[in-house]
Amino acid sequence: MSLGCKVNRVESDSLAAALLEQGHGRCGLPDADCVIVNTCTVTGEADKKARKAVRRSLRDNRHAPVYVTGCAAALDPGTYRSLDPRVAVEPDKGRALALICERFGPAPGERGPTPQASGASEASGQPVPPARGRALRAGEGFPTRIGVKVQDGCDGACSYCIVPAARGPALSRPFDEVLEEVRALAQAGVKEIVLTGINLGSYRFTEGGLAEALEGLLSETETTRFRLSSIEPEDLDEALVGLVATSQGRVCRHLHLPLQSGSSKVLAEMARPYDAQGFLARAEALYAQIPGLALTTDAIVGFPGETDSDFDETLGLVGRLRFSKVHVFPYSQRKGTPAAARGDQVSPEAKAARAKQLTALAERLRRADYESRRGREELVVAEGRGRGMTESYYRIGIPRDIAPGTLFPFAIP
């Protein structure tokens with residue numbers, strides 16, 4: 001059971017692949033011999049969902065051990081241990097895998113990899129990549145668009161965010177491991193690889209940063225395309241922008257830039273590294289440099305101290321930037337962060353009203369952007385029978401006779 005961000009999904013799929021390689025199988029919760037809950041703790045609401053998931057696992061399965069891992073387990077292990085003697089808490093996903101392998105071993109008749117080979121060397125929050133003999137996260141039961149985790153942790157100090165405490169400082173995965181995994185996935189027929197990380201733009205290796213890494217991946221693959229999961233505006237250097245603009249879709253002309261607020265006052269109180277005008281200028285430059293760019297974002301409404309005027313500034317900036325998708329989040333207090341301790345919390349009613357208003361604007365912008373693309377041909381990955389994902393990050397209907405995993409040109413309907 002995986003909760004939270006795309007990085008968590010990649011890590012959960014890596015755990016599943018390692019156990020499948022040993023001959024174990026997936027099943028419904030009541031029939032499971034072992035349950036794994038990979039938790040999220042980004043907000044107070046995420047913590048509630050994590051606890052609810054563990055309680056549900058205990059309620060719906062009366063015999064299996066429940067292994068709790070991930071960010072919430074790292075920050076509050078005692079809460080989960082206190083729920084039931086069957087709960088085993090191990091925040092480090094590699095060590096959690098080793099404990100499970102030690103207890104259950106490979107399925108009868110299966111040799112399987114050793115726990116070490118499956119990623120037990122993972123430091124807290126570090127990748128469990130299917131490389132160097134590790135299980136491959138491709139095929140039945142896995143997404144057709146595969147995430148590859150290249151980076152973990154964050155050196156930022158946004159006042160609403162607990163993730164650096166849970167994940168630790170920014171760390172980059174060695175490029176040779178990334179390349180090995182990408183080659184294996186490409187050889188297995190994966191047509192879209194999504195590079196993921198907690199702070200993806202901070203990725204560094206001996207040859208440079210994310211742009212140089214992407215150049216290396218492009219040169220070592222022929223037909224696989226790459227997508228950046230999310231990147232901070234200040235991490236988009238000219239080399240990376242140029243690569244997105246000139247790779248003819250092999251690096252998707254879709255960027256997810258978290259805005260969080262359109263008010264410079266609120267951004268400063270969030271400790272974000274830009275102001276509203278700086279974000280606007282960066283986004284407008286990207287539209288000019290990358291024809292056909294789809295730009296998506298995140299926005300938090302109801303941050304402590306946010307006034308109606310501050311929120312109006314967010315509405316204005318979001319409208320000017322013509323985002324094709326906006327993930328709207330009502331602010332949720334996260335204990336342990338500076339923002340949670342403020343005395344000027346916005347009322348739940350105001351947060352809900354602002355979220356509704358911004359969501360309505362976001363939906364209008366998305367419809368307008370989609371209409372502007374209608375009839376335009378893009379490369380589409382078939383995610384399943386009758387559905388596909390465009391380069392510009394729209395899920396659309398496609399002919400049902402196109403096999404899942406196929407990358408093909410298609411006019412947006």
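For reference, positions follow the sequence shown, starting with 1. No hydrogens, no waters, no symmetry mates; every other heavy atom, side chains included, goes into these values.
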For salt bridge (Lys or Arg N to Asp or Glu O under 4.0 Å), just list the numbers for Arg167 and Glu11, CA-CA rounded to whole Å, side-chain angles, deciding distance to a tenth of an Å, and then say yes or no. CA-CA 13 Å; Arg167 290 268 181 176; Glu11 293 167 342; 2.8 Å; yes

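Between Tyr274 and Leu267 the shortest side-chain heavy-atom distance falls below 4.5 Å. Between Leu83 and Leu58, some side-chain heavy-atom pair lies under the 4.5 Å cut-off. The shortest distance between side-chain heavy atoms of Arg173 and Val148 falls below 4.5 Å. You'll find the side chain of Leu214 reaches within 4.5 Å of the side chain of Leu195, heavy atoms only. You'll find the side chain of Thr221 reaches within 4.5 Å of the side chain of Phe226, heavy atoms only. Tyr331 has its side chain out of reach of Val301: every pair of non-hydrogen atoms, C-beta onward, lies at least 4.5 Å apart.
Ala186 approaches Thr224 most closely through the heavy-atom pair CB-OG1, 3.5 Å. Among all heavy-atom pairs drawn from Met1 and Ser57, the shortest one is CE-OG, 3.6 Å.
Asn61 contributes a side-chain N or O that, together with a main-chain N or O of Ala64, makes up a donor-acceptor pair within less than 3.5 Å. In this structure a side-chain-to-backbone donor-acceptor pair under 3.5 Å is present from Thr69 to Pro91. In terms of modelled atom types and a separation under 3.5 Å, the side chain of Thr297 and the main chain of Leu259 share a donor-acceptor contact.
For Ser12 and Asn38, the side-chain atoms include at least one donor-acceptor pair closer than 3.5 Å.
Shown here are the side-chain contact (heavy atoms from CB on, under 4.5 Å) partners of Arg374, two or more places apart in sequence or in another chain: Tyr370, Glu371. Checked against salt bridge (charged side-chain N to carboxylate O under 4.0 Å, His left out), Asp155 has no partners two or more places apart in sequence or in another chain. Applying the salt bridge (charged side-chain N to carboxylate O under 4.0 Å, His left out) rule to Arg395 yields the partners Glu383; only residues at least two apart in sequence or on another chain are considered.
The residues Arg225 and Glu391 are annotated as not salt-bridged, no charged nitrogen and carboxylate oxygen being separated by less than 4.0 angstrom. Comment: Arg373 engages Glu378 in a salt bridge, judged by a side-chain N to carboxylate O separation of less than 4.0 angstrom. Ion pair Glu215/Arg250 not flagged as a salt bridge, since none of the NZ, NE, NH1 or NH2 atoms sits closer than 4.0 Å to an Asp/Glu carboxylate oxygen. With respect to Glu306 and Lys351, no salt bridge is recorded, no charged nitrogen being found less than 4.0 Å from a carboxylate O.
Residue pairs meeting the salt bridge (charged side-chain N to carboxylate O under 4.0 Å, His left out) criterion with at least one member in residues 256-272, sequence neighbours excluded, are Glu232-Arg272, Lys265-Asp310, Glu269-Arg342. Within the structure, salt bridge (charged side-chain N to carboxylate O under 4.0 Å, His left out) contacts touching residues 34-49 (residues at least two apart or in different chains) are Asp47-Arg334. Within the structure, salt bridge (charged side-chain N to carboxylate O under 4.0 Å, His left out) contacts touching residues 32-43 (residues at least two apart or in different chains) do not occur.
In this structure, CZ in Arg62 is found 7.5 Å from CZ in Arg86, a value given to the nearest 0.5 Å.
Figure legend: cation-pi geometry between Arg26 and Phe142, with NZ or CZ positioned under 6.0 Å from the six-membered ring centre and within 45° of its axis. The cationic group of Arg51 does not satisfy the cation-pi geometry with Tyr80, failing either the under 6.0 Å distance to the six-membered ring centre or the 45° limit from the ring axis.
Classification of the Tyr393-His254 ring pair by plane angle, with boundaries at 30° and 60°, yields parallel.
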